[in-house]
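Every chain is numbered from 1, with letters handed out A, B, ... down the list of sequences.
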2 protein chains.
Amino acid sequence: MARRRQAVTIRHVAEDAGVSLQTVSRVINKEPNVRPAMKERVQASIDRLGYVPSIAAQRMSGSRSYLILAINDREKTIAEWRGRSGTDWVDQMLLGGMLTCDEHGYRMMVELVDTHSDHVERELSATIAALQPDGVILTPPHSENPLITGLLAKRHIPFARIGSLDPGPGIRLTMDDEHSAAMATEKLVSLGHRRIGFIAGPDDYSLSGWRVTGWRAAMEFAGLPTDGLCEKGDFGFETGLEAANKLLDLEDRPTAIIASSDQMTLAVLEAARDRNLKVPQDLSVISFDNTPVVRFTDPPLTAVDQPIAETISRAVELLIMAPKSPLPLEPINVQGQLIERGSIGPAPGANDA
Amino acid sequence: MARRRQAVTIRHVAEDAGVSLQTVSRVINKEPNVRPAMKERVQASIDRLGYVPSIAAQRMSGSRSYLILAINDREKTIAEWRGRSGTDWVDQMLLGGMLTCDEHGYRMMVELVDTHSDHVERELSATIAALQPDGVILTPPHSENPLITGLLAKRHIPFARIGSLDPGPGIRLTMDDEHSAAMATEKLVSLGHRRIGFIAGPDDYSLSGWRVTGWRAAMEFAGLPTDGLCEKGDFGFETGLEAANKLLDLEDRPTAIIASSDQMTLAVLEAARDRNLKVPQDLSVISFDNTPVVRFTDPPLTAVDQPIAETISRAVELLIMAPKSPLPLEPINVQGQLIERGSIGPAPGANDA
DNA sequence: TACCAATTTGCAGACGATCCCGATAAGGGG
DNA sequence: CCCCTTATCGGGATCGTCTGCAAATTGGTA
């Protein structure tokens, strides 16, 4: 096959407009110090010839790659794909990220990286060298991996850490997990529940901790006990089931459970069914994530919506602006929302407050 | 910020190994005519320095971009994202595409393109010029857009058309829609159903037609009528509901319905509920797609699984091999599978066959 | 031993855009 | 009207890799 060359280059445009390459370049990059008349003339040539700059060449000559890289956990993502349990993170990342990138003439690429592997550093390092992105978005649990953050910081590549409050380099964006958990808890308290169980996520996600903190704070504020009411899972169905069983087998069984992911909440529904507990009459349930499945369960789940798309969108904007405006040092909180559906109701035996 | 340069270039490797740039290049690209000893020496330097070639520079010098572009319909994809109805196409494309790309050292990028727009051609053309991908994957309905296929053919960019049997340039890969529809129909016939309705997809997807053909053929083979039993939707919920209503309001109501998408099948469930028809006792239902939601409906849906991931994976492999081996002219069929769940049962009033 | 062909290696140029810096043109105060 | 500052524009080098061709090496044969 014949070697493929660029159809229209900056040179053609320059000739057509009768100006230098430099001037065309300035117009493309919207640089100042170009007279309006000149700018118009060049733009006309660009439009007429249908010229589009080659990103490869732009990157080569030391400028931007117009590429934002989004890093996801390989193992987790593939498991979700294979199991067809829905990959809401990827979906919502793409929604928020791609659309925002589009607006600014950038592209987003998703890259899967192994979390639990010795060569995370090499793997990512190679990707960076090959692609040379202008910015990187780290999703949990990568956002808390010091090897990764260290590597990016060393290379001076702007990056965003989603869902992490740990101090360190990079922009931090969270979905205010503490507040969200408190909000869910308060809702249940207001419905008269006094024993509210919580199923936390794994420890290597710091947001797991923040959610527990929010729940505990709201419980204590309401003067309610928390001892023995917090179990732990890994966001997946199986561990969620174990945790749910433990909570529902307690002598003084909770009348409501909040679980840190939709999959774990599905497990709670299953555990309740096994015990002939009706949701929401005997047990109220609130979930985290609000992925598509929660609308189709029986009953549909009340859930804390994680505004992933919006968060990623904010991250993209900040990264794109990075060369010009300094990155915010303080974490940015994007507020979650409690989407009410049929899985919660008044506490059994509680009169109207 | 300081201009970012490549950390380790081919030049460093060449110096380190004491050879010319050329030789290093040959080793990287696995070209013949390099003595084993030399190859080993260069490879050692590459490993030691952690060298990774810059894709931008590779593309610049006229070789590959190691990039496969997957084109999806913007409007449809965004609507699915926003509505959180599940975007199985994007998900499964990424699953099949990214993993296969990874294996070959390629990357996949998803690009959203407006289907119903005058400037499809310009939009795509600009993307091609900017990214210069080594291959393009077109999903329906883009796979049948002559403007797009013509453009790619003219630029000599290898491309794959998913879900289209139309003659023309490019590799064609289908999920054997005709056979799948026939398979679903036969299943219902074997359960004793005699009036089997079909809800087709929109006309601008040629696969819609093939599915109808498969259904009609299976019906006629069984000596069953088809008149008035085929309605049409646009794959979405609302039009699916209209179609379902029409079928269920027929004087001689069908006892089974096959719908061409999961969303339309959800609408069938809704329409059945409105009329107090029990699924599967009064009405059997089979869906197309098998997206994650179908496991959570009541009852879970029997569905024709669309092997999107596998199909895209095949497409990627063929595109990557394109420069060396010629592209197959005949369409490639990837067989779908009928996943049986609770939404089908024997026809009401039919004794065991 | 000498010679020719095939294999292996190196040199210079190209790819398309940007960056640095110098040259020219425009504008403003004395 | 002149000079100096600032806004505009252009020339040449550069980025990292590959392609085309020439040079050097190897190996086998007459």
Side-chain angles (χ1 to χ4, degrees), chain A residues 1-42 45-46 49 51-67 105 128-132 134 323, chain B residues 1-42 46 49-67 105 128-132 134 323:
Chain A
M1 173 173 315
R3 179 172 168 185
R4 230 166 33 231
R5 288 206 157 77
Q6 185 93 345
V8 181
T9 75
I10 197 173
R11 208 173 305 270
H12 300 136
V13 177
E15 256 174 59
D16 184 86
V19 298
S20 76
L21 304 180
Q22 187 47 19
T23 304
V24 179
S25 175
R26 274 192 264 262
V27 173
I28 296 166
N29 298 300
K30 299 188 173 58
E31 280 174 31
N33 300 341
V34 179
R35 223 167 306 166
M38 172 64 81
K39 184 173 169 180
E40 208 171 321
R41 179 148 62 102
V42 173
S45 290
I46 291 176
L49 299 175
Y51 165 74
V52 178
S54 152
I55 291 186
Q58 288 184 314
R59 166 79 279 182
M60 264 296 295
S61 55
S63 101
R64 315 193 184 185
S65 61
Y66 296 98
L67 218 189
I128 300 284
L131 259 32
Q132 295 166 267
D134 290 337
Chain B
M1 176 173 314
R3 181 171 167 186
R4 229 163 38 230
R5 291 205 153 79
Q6 184 95 345
V8 181
T9 75
I10 198 174
R11 209 173 303 270
H12 299 134
V13 177
E15 255 174 59
D16 184 85
V19 297
S20 75
L21 304 181
Q22 193 45 22
T23 306
V24 179
S25 175
R26 273 191 264 262
V27 172
I28 297 167
N29 298 303
K30 298 190 174 60
E31 281 174 30
N33 301 340
V34 179
R35 220 165 304 171
M38 173 64 81
K39 184 173 170 178
E40 208 171 320
R41 180 150 60 101
V42 173
I46 290 176
L49 299 175
Y51 165 73
V52 178
S54 151
I55 291 187
Q58 288 184 315
R59 166 80 283 182
M60 263 296 296
S61 59
S63 98
R64 312 193 186 184
S65 60
Y66 296 98
L67 218 191
I128 301 284
L131 258 33
Q132 296 166 268
D134 290 337

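- The minimum heavy-atom distance between B:Tyr51 and B:Ile28, with the atom names listed, is CE2-CD1, 3.5 Å.
- Of all heavy-atom pairs spanning A:Met38 and A:Val19, the tightest one is SD-CG1, 3.4 Å.
- Residue contacts shown for A:Val24 are absent, as no nucleic acid heavy atom lies under 4.0 Å away.
- Contact between the side-chain N/O atoms of A:Tyr51 and the OP1/OP2 oxygens of C:dA17 is found at a separation under 4.0 Å.
- Comparing B:Ser20 and A:Val52, the nucleotide of DNA chain C nearest to each residue sits closer to the 5' end for B:Ser20.
- The distance from atom CE of A:Met60 to atom P of C:dA14 is 15 Å, rounded to the nearest whole Å.
- Taking atom CG on A:Asp134 and atom C1' on C:dT18, their separation rounds to 14 Å, with Å as the unit.
- When distances are taken from the side chain of A:Gln58 to each of D:dG10, D:dT19, C:dA17, the shortest belongs to C:dA17.
- Taking only side-chain nitrogens and oxygens, B:Thr23 comes nearer than 4.0 Å to OP1 or OP2 of C:dG10.
- Sequence order on DNA chain D of the closest nucleotides to A:Gly18 and B:Ala7 puts A:Gly18 first from the 5' end.
- D:dC15 atom C1' lies 16 Å from atom CD1 of B:Ile55, rounded to whole Å.
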Notebook entry, point to check: Run the side-chain contact (heavy atoms from CB on, under 4.5 Å) check on A:Arg59 and A:Asp134 step by step: do they pass?
Noted result: CA-CA 10 Å; A:Arg59 166 79 279 182; A:Asp134 290 337; 3.9 Å; yes
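- In the set C:dT9, D:dC18, D:dG16, C:dT9 carries the atom at the smallest distance from any side-chain atom of B:Val34.
- Contact annotation: A:Asn33 side-chain N/O to D:dT6 OP1/OP2 distance is not under 4.0 Å.
- At whole-Å resolution of the value, CD1 in B:Ile10 and P in D:dC15 are 15 Å apart.
- Across all non-hydrogen atoms, the minimal contact from A:Ala14 to A:Leu21 is CB-CD2, 3.9 Å.
- A sub-4.0 Å separation between OP1 or OP2 of C:dA17 and a side-chain N or O of A:Ser54 is absent.
- Side-chain N/O atoms of A:Ser25 include one lying less than 4.0 angstrom from OP1 or OP2 on C:dT18.
- In terms of position on DNA chain D, the residue among B:Ala57 and B:Arg35 whose nearest nucleotide sits closer to the 5' end is B:Ala57.
- Distance, B:Arg64 CZ to D:dG16 C1': 18 Å, rounded to whole Å.
- Of all heavy-atom pairs spanning B:Val8 and B:Leu49, the tightest one is CG2-O, 3.6 Å.
- For B:Met38, taking side-chain heavy atoms from C-beta onward, the closest of the listed nucleotides D:dC18, D:dG10, C:dT9 is C:dT9.
- Rounding to whole angstrom units, CD of residue B:Gln132 and C1' of C:dG16 are separated by 9 Å.
- Among C:dT9, C:dA17, D:dT19, the nucleotide with an atom closest to any side-chain atom of A:Thr9 is C:dA17.
- The CZ-P distance, from A:Arg11 to D:dG10, rounds to 14 Å in whole Å.
- With hydrogens and angles ignored, no donor-acceptor pair under 3.5 angstrom links the side chain of B:Gln22 to the base of D:dC18.
- Below the 3.5 angstrom threshold, one finds a donor paired with an acceptor across the side chain of B:Arg26 and the base of C:dG10.
- With rounding to whole Å, B:Leu21 atom CG is found 15 Å from D:dG20 atom C1'.
- The nearest pair of heavy atoms linking A:Arg26 to A:Pro32 is CD-O, 4.3 Å.
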